[in-house]
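Remarks on the structure that follows.
Positions are given from 1 along the sequence. Numbering of ligands and ligand atoms starts at 1, following listing order.
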Amino acid sequence: MLAEEYYRPLLHFTPVFGWLNDPNGLVYKDGEYHLFYQYYPCDSVWGPMHWGHAVSHNLLSWTHLPIALAPDELGMCFSGTAAVDRGDKSGLFGGKDGLLAYYTIAAEKMPEDIDFPQSQGLAYSSDNGRHWTKYRGNPVLPNPGLQDFRDPKVFWHEPTQRWIMVVTLGQQVGIYRSTDAKQWQFSSSFGYEQGAHDERAWECPDLFEIKIDGQSESRWILIVGVQRQAYAGGSGTQYFVGQFDGKHFVNENSPETVLWLDYGRDFYATQTWADIPQADGRRIALSWMSCWPYANHIPTQSWRSTMSMPHELVLKQTADGLRLHHAFIRELQTTYSNSHQFSDRHYMAEATAQSTAETALFEIEWTHALRLKLNMTLAADSTVVLTPLQGVRFELSALNDELKLRCLRQGASGDEAYDQHFPHDYSLALGANRSIDLDLLLDRCSVELLLDHGLYSVTNLAFPEQGPEQTLSLHMTAGSMVANAEWHELHQPEQHD
Ligand code: FRU
């Protein structure tokens, strides 16, 4: 096996070759989950953007399909959306249902007459995304005079009988509406002095309605990407909770409240699947598992970048207000192959002056993919250290009855950008508690951690240098705890096509 293939995840989507970034056009139709994605087939670094395409029945095994959209004389195909046009509201499908895709046309070269190279284009497909026709009247939404005008998310809004588009407008999002999916009118913008900003544009908005868990009421969630100064440094994703009436999004938190969808370094350009049948009712999100400051430099050669595990998002009431909670999709359970568990084990740090000598409390040898669920109740002033694989370390401390998670990652490849930006050391406050549950998913080059029933998601890449055999270990450096655990080796799911 080539060294770089050690890093190819078993259960996460990767391109066979070439470069991948944002998920695009996540839509469900006729039993298939579609995944389109920012793709450059000619090299494993970012280049003129195409839309790659794959389909799945279970969100875990994917069938690669031919490229859906390729650059043309208008420009490259940047990020966007797909939606089912039920009942042919666009008039593009001869009365039948079809698929619409909106993408940002980004002029590849900058002739002198193009000041603002980004506009929104439409493509449509009558055969479940196997063939696409670009709309003759493109762009359907010309640039209003902005450097950053991209990443349209489009959906049908039943109460106003309109198509809605949410799109990056510099450091805000713009909301547009349309009756025929082709002509668009501006409704409003949102974002000025709201949430987290850096000096760059917001990217990849998503807007959707979601029920409050256990209630009949619902809220609207607006997701946006922050390019360089997100929680853990680099690219990251925030969200707003509020109301949407078809024209305006109203944030129900104070403007300065920042809600991070994930607290890791590698969870960006998040989008959710459209048109999942109501009987299923899930809101499933997918993110690009990388970070712009080092994305082009991670240590693989023929392919580069992977998607996150799809997460189910659930909106729950907390003492601080409504918050999204994450769960790995339930389909993951179909990949369990070798399961273990224990309950109520008491652990204590070694009572010597050199207690940091670190005798492992338990160890798991793993090779490809592993899921560990751990529930821990720490005594006051205790610290437990989890090392899931070489180069990554989580330190969980209960100090003054506050739980804190320190996230450390090492790694050097000799590449300047990677060596400078990839290592990290940051912390996350987990509130006044000494008990916590943790759901950890390891898949060769990824470490995805959900904490406190999914209130916190922490997604990070890792490229251990020592090859595929890894040891997960748990140590106590201070105090004591009681733990329950279950863990499962994971195997590649069957391809059902
Ligand atoms: C986000 C992004 C988008 C853009 C795409 C280009 O990662 O910068 O804003 O459409 O990538 O590949």
task = Can you establish whether the number of heavy atoms outside Gln301 located under 6.0 Å from its atom CD is more than 12?
result = yes
request  = For Glu203, counting its heavy atoms only, list the atoms of ligand 1 lying under 4.0 Å from any of them.
outcome  = 1 (C), 2 (C), 3 (C), 7 (O), 8 (O), 9 (O)
key: salt_bridge(Asp198, Arg200) N-O dist < 4.0 Å   = no
query = Between the main-chain N or O of Trp163 and the side-chain N or O of Tyr176, is there a donor-acceptor pair closer than 3.5 Å?
reply = no
inquiry  = If you count heavy atoms of other groups shown closer than 6.0 angstrom to NZ of Lys134, is the number above 12?
reply    = yes
query = Is the closest N or O pair between Trp288 and ligand 1 shorter than 3.5 Å?
reply = no
ask   = So which protein heavy atom does atom 12 (O) of ligand 1 come closest to, and at what separation?
value = Gln38 OE1, 2.7 Å
ask   = Are His50 and Pro71 close enough that some pair of their side-chain heavy atoms sits under 4.5 Å apart?
value = yes
Contact with ligand 1 for Asp22, non-hydrogen, under 4.0 angstrom = yes
ask   = Taking only heavy atoms of Met49, which atoms of ligand 1 are found under 4.0 Å from at least one of them?
value = 12 (O)
Contacting atoms of ligand 1, where contact means under 4.0 angstrom from a heavy atom of Tyr268 = 1 (C), 7 (O)
message = Test of understanding: given a 4.0 Å heavy-atom threshold, classify the contact between Thr104 and ligand 1 as side chain, backbone, both, or neither.
response = neither
message = If the cut-off is 4.0 Å to any non-hydrogen atom of Asp151, which atoms of ligand 1 fall inside it?
response = 3 (C), 4 (C), 9 (O), 10 (O)
message = Looking at Arg371 and Asp439, would you say the former's side chain and the latter's main chain have a donor-acceptor pair under 3.5 Å?
response = no
